[in-house]
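Written out below as structure tokens is the structure these notes cover.
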Amino acid sequence: MSRAPVSSGDRAIGTVAMRWHGGSLELLDQRLLPDQEHWITLEGSAGVAQSIRDMVVRGAPAIGISAAYGVALAARHAGGGDWKTEIKQAIRELAASRPTAVNLFWALQKMEQVFSECHSLEEAVKRLSETAVQIHKDDLSANLAMADYALAHMDASKPFSVLTHCNTGALATGGYGTALGVIRRLHEKKLLKDVYADETRPWLQGSRLTAWELARDGIPVTLNADGAAASILAAGHVRWVIVGADRITANGDVANKIGTYSLAVLARHHKVGFMVVAPSSTVDMALASGKDIPIEEREGEELRQVRGVQIAPAGVKVFNPVFDVTPASLIDVIVTEKGVVSTPNMTGMAGLFS
Ligand SMILES: CSC[C@H]1O[C@H](OP(=O)(O)O)[C@H](O)[C@@H]1O
């Protein structure tokens, strides 16, 4: 069962996909799952930035946590000469790794604040490592709190099925999950009948990661093609669609994995609940609405090939936005660790922070 980061005698802290050792960060290469469990050891911030860019590590909260560890590594391995410039450069490089998940910028801002208070390299090494570990632990605590809030909101008395999109579990967070954390908790409370997991083309976070995570924890999962979601909802098989988020704006619009918006339209049409689960580090109150969210577009090869196998004509033009924006009007509830916002709007979102 994916749980808290494990702290051991060697001061390691980690999850199923991330291990912090103070002077190095180990990441499980999520590009190779489910058939290969290959770990990469990083000692510099540049390697962490590259790993985020290449999706070795992915998932909004996990991206923020990894970037925080990247800043701590930059301090740990700073040359000692112009250490402040080196750490500032590391923060810039990490900030440029992916544009949509606001958790990345939220975490870097926290690290930058601590860095600005440090008067020596020795102090920076100590405090930046402590801050990164705290960001990790706080995210896990948020995962657990959101699971409690979500179950209270659903107020279920007998098992039901849900549908989820992408991967929002221990692989994508501080160790328990956002939407998948709610699903884990439903299972623990014997309230979960089945989980329909969208395969989530083109990167296949659902088939390669969510199915892997749930199966290894003994949680029931049925993998479905993204295009089958409509029929599953039409047949009345699920009571909730539960998803994560990469950025939530002040009015409650939500950027999440491509395909989330169409799920929200389907859920509303079929009167199925639509729940977004995300820590407050995913909320960007500086953006008024979803139209302002930068949407990442990735390489066309991600659609033309799967694991190097050509599945489309080599030269075909590709449009590959990897996120979309679901308007708040299609969301029944947003669950954060600070509380729940039903029928989200500006007032409700602001209330989380008051
Ligand atoms: C709790 S993960 C949130 C979010 O991140 C994923 O995107 P990616 O796999 O591209 O990093 C997906 O949108 C998840 O819902």
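Each ligand, and each atom within it, is numbered from 1 in the order the structure gives. From a predicted model like this one, the values you see are computed outputs, not experimental measurements.
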**Asked** Do L25 and R19 come close enough that some side-chain heavy atom pair is under 4.5 Å?
**Response**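 The answer is no; the side chains never approach within 4.5 Å.
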
Does [X] come within less than 4.0 angstrom of ligand 1, counting non-hydrogen atoms of the residue?
| X | value |
| --- | --- |
| E296 | no |
| N256 | yes |
| V243 | no |
| F323 | yes |

Ligand-residue contact atoms, ligand 1 with [X], heavy atoms, under 4.0 Å:
| X | answer |
| --- | --- |
| K257 | 7 (O), 8 (P), 10 (O), 12 (C), 13 (O) |
| P61 | 1 (C), 2 (S) |
| T178 | 1 (C) |
| M55 | 10 (O) |

**Item:** Donor-acceptor side-chain pairing of E337 and S280 below 3.5 angstrom
**Value:**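 Side-chain D/A pair, E337 to S280: present.
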
**Request:** Test F274 against every option in I242, L263, V333, L330 by the side-chain contact (heavy atoms from CB on, under 4.5 Å) rule and name the one that passes.
**Result:**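 Output: one option passes, namely L263.
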
With nothing but distance in play, are any N or O atoms of [X] less than 3.5 Å from an N or O of ligand 1?
| X | result |
| --- | --- |
| D246 | yes |
| G59 | yes |
| Q205 | yes |
| R58 | yes |

**Geometric cation-pi criterion R216 and W212, 6.0 Å radius, 45° cone** =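 The answer is yes; both the distance and angle limits are met.
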
**Request:** Assess R247 against W106: is NZ or CZ under 6.0 Å from the centre of the six-membered ring, and within 45 degrees of the ring's axis?
**Result:**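 The answer is no, since R247 fails at least one limit relative to W106.
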
**Request:** Look at the rings of Y69 and W20 and say which category their plane angle falls in: under 30° parallel, 30 to 60° tilted, over 60° perpendicular.
**Result:**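 Y69 and W20: parallel rings.
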
**Prompt:** Out of A245, A172, G244, who gets a non-hydrogen atom closest to atom 3 (C) of ligand 1?
**Reply:**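 Closest candidate by heavy-atom distance is A245.
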
**Asked** Between T249 and N251, does a side-chain hydrogen bond (donor to acceptor under 3.5 Å, both in side chains) hold up when you go through it step by step?
**Response** CA-CA 6 Å; T249 53; N251 68 340; 2.7 Å; yes

**Request:** Using a 4.0 Å heavy-atom threshold (strictly under), name the region of H165 that reaches ligand 1: side chain, backbone, both or neither.
**Result:**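 The answer is neither; H165 stays 4.0 Å or more away.
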
**Message:** Using modelled atom types and a 3.5 Å cut-off, is there a donor and acceptor pairing between side-chain atoms of R208 and backbone atoms of W203?
**Reply:**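 Looks like yes, one N/O pair under 3.5 Å.
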
**Item:** Non-hydrogen atoms of R239 and A156 that approach each other most closely
**Value:**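 The pair with the smallest heavy-atom distance is NH1-CB, 4.2 Å.
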
**Asked** Hey, mind stepping through E296 and R298 against salt bridge (Lys or Arg N to Asp or Glu O under 4.0 Å) and telling me if it holds?
**Response** CA-CA 6 Å; E296 179 184 7; R298 292 183 69 90; 2.7 Å; yes

**Message:** Give me the residue, atom name and distance of the protein heavy atom closest to atom 12 (C) of ligand 1.
**Reply:**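 Protein heavy atom at minimum distance: C166 SG, 3.3 Å.
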
